[in-house]
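See below for the structure under consideration.
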There are 2 protein chains.
Amino acid sequence: MGGFDVGERLKQLRLARQLSQRELAKRAGVTNSTISLIEQNSVSPSVSSLKKILDALPVSISEFFAGEELSQEQVFYRAEELTEIGDGTLSWKLVGARRPNRSMSIIHERYPPGADTGEEMLEHEGEEGGVIISGTIELTVGGEVQLLTAGDAYYFDSRLPHRFRNKSDNECVIVSANNPPSFSDGGTEQHHA
Amino acid sequence: MGGFDVGERLKQLRLARQLSQRELAKRAGVTNSTISLIEQNSVSPSVSSLKKILDALPVSISEFFAGEELSQEQVFYRAEELTEIGDGTLSWKLVGARRPNRSMSIIHERYPPGADTGEEMLEHEGEEGGVIISGTIELTVGGEVQLLTAGDAYYFDSRLPHRFRNKSDNECVIVSANNPPSFSDGGTEQHHA
DNA sequence: ATGCTATGTAAAAGATCTTCAACATAAGGA
DNA sequence: TCCTTATGTTGAAGATCTTTTACATAGCAT
């Protein structure tokens with residue numbers, strides 16, 4: 001468990017509602033001991049127990065963990081220090097690749113003439129969008145094909161099969177964002193778009 | 001556990017990253033059995049285990065429990081049809097502004113010389129990042145100030161007080177992304193950066 | 001002071017989760 | 001074919017979480 005104080009958070013939520021450990025336990029269908037031990041961080045509760053307890057407040061698990069960490073991470077990135085992922089033809093520069101738990105990937109992409117994410121359509125979790133900075137790119141999404149040029153943009157659910165292809169003679173530059181992030185630094189490279 | 005399918009959700013996230021149970025387990029510091037049992041909903045993992053696993057994806061617990069759905073909305077946006085928000089000095093063109101429930105705002109921003117988001121620092125929920133396309137911008141985040149130029153980038157927690165300011169004589173162009181989205185079309189305008 | 005109730009804590013037993021160590025299957029190469 | 005590697009699954013042992021049951025303290029009325 002890194003950084004986030006589950007016990008303290010639960011205690012605050014409980015006290016804000018002016019409930020005793022026993023009262024909350026009763027509503028949640030667990031015992032007061034469970035609440036006590038969790039609040040002291042003597043145990044890491046099971047998701048099912050935590051869910052029962054939070055339901056009684058009521059607070060969603062998502063809310064409970066929202067604001068896990070007001071991360072004091074790197075903010076500014078010089079062009080040359082961006083993490084680059086390339087395979088010779090495509091070049092992707094990731095912003096904040098090392099940030100754990102960041103909510104987005106932001107990528108500065110360069111597609112040289114002929115670059116192509118491949119015939120096998122990409123499909124993955126999340127959403128992605130971007131703006132064409134220069135050049136032209138052929139984008140296929142869910143069967144629809146469009147030729148986008150500088151200033152144009154796109155946004156789609158990444159589970160729709162998609163493909164990027166530069167059929168022109170000039171480099172195409174795109175700034176894109178993905179949610180959730182498709183890449184992490186240091187690990188094995190994964191497929192993307 | 002009511003309603004939310006922990007196992008299925010984990011499996012989707014894992015497969016979207018093309019990881020095997022063993023590979024994910026290795027990165028997370030748990031065993032493949034744990035992943036297997038969780039994905040089959042044979043157990044309700046402890047928060048500490050789930051956290052370890054999600055950290056390896058990486059996905060926050062909060063994100064994990066925030067739902068999703070597949071939307072088939074507009075995908076392609078011509079430059080001239082992007083929703084523009086301007087106040088005479090700044091110009092922001094939103095990608096997919098009309099999409100309900102989208103997870104990000106992607107914005108094509110133009111800061112003319114002298115443009116400034118204001119002395120009162122911006123602070124709001126979420127994260128934001130971007131890439132400088134041209135020109136230079138002075139960015140202040142959490143007390144730190146940097147002058148960024150073309151190719152540089154930034155990424156920070158939006159709760160840290162921040163400010164954008166073009167002190168140069170040339171226009172500065174940025175493509176940025178915000179999560180969660182800061183603007184919605186037609187609705188009340190919110191503060192941003 | 002005595003009795004009653006409410007609070008949070010904790011040891012030990014019971015229940016659940018995690019690991020260890022297999023197993024079964026499928027894909028690829030020699 | 002046989003061998004090797006990679007995949008996901010599972011029984012039993014070990015580790016952790018939850019309950020049972022109790023304890024200690026504090027507040028309040030009699």
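Per chain, numbering begins at 1; letters A, B, ... match sequence-line order.
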Length of the [atom1]-[atom2] vector between [X] and [N], whole Å:
| X | N | atom1 | atom2 | result |
| --- | --- | --- | --- | --- |
| B:Arg22 | D:dG8 | CZ | C1' | 7 Å |
| B:Asn41 | C:dT16 | CG | C1' | 15 Å |
| B:Ile53 | C:dT18 | CD1 | C1' | 10 Å |
| B:Ile38 | C:dT16 | CD1 | P | 17 Å |
| B:Glu23 | D:dG8 | CD | P | 11 Å |
| B:Lys11 | D:dG8 | NZ | C1' | 9 Å |
| B:Leu37 | C:dC20 | CG | P | 14 Å |
| B:Gln40 | C:dT18 | CD | C1' | 14 Å |

Respond yes when some side-chain nitrogen or oxygen of [X] is under 4.0 Å from OP1 or OP2 of [N], and no when none is.
| X | N | result |
| --- | --- | --- |
| A:Gln21 | C:dT7 | no |
| A:Ser46 | C:dC17 | no |
| B:Ser48 | D:dT16 | no |
| A:Arg14 | C:dG8 | yes |
| A:Ser36 | C:dG8 | no |

> Does the D:dT9 base have a donor-acceptor partner in the side chain of B:Asn32 within less than 3.5 Å?
Replying inline: yes
> Is there a donor-acceptor pair closer than 3.5 Å between any side-chain N or O of B:His162 and the backbone N or O of B:Leu122?
Replying inline: yes
> B:Glu109 and B:Ser176: side chain to side chain donor-acceptor pair (under 3.5 Å), yes or no, with the steps?
Replying inline: CA-CA 7 Å; B:Glu109 309 178 351; B:Ser176 76; 2.8 Å; yes
Once you apply a heavy-atom cut-off of 4.0 Å, does [X] come out as touching a base, just sugar-phosphate, or nothing?
| X | value |
| --- | --- |
| B:Ile35 | nothing |
| A:Thr31 | base |
| A:Ser20 | sugar-phosphate |

> Closer to the 5' end of DNA chain D via nearest nucleotide, is it B:Glu39 or A:Val30?
Replying inline: B:Glu39
> With the threshold set at 4.0 Å, does a side-chain nitrogen-carboxylate oxygen contact exist between B:Arg14 and B:Glu39?
Replying inline: yes
> Should A:Arg9 and A:Asp5 count as an ion pair when the cut-off is N to O under 4.0 Å?
Replying inline: no
> Where the side chain of A:Ser33 is concerned, which of C:dA10, D:dT10, D:dA22 is the nearest nucleotide?
Replying inline: C:dA10
> What pair of heavy atoms forms the shortest contact from A:Ile106 to B:Gly130, and how long is it?
Replying inline: CD1-N, 3.7 Å
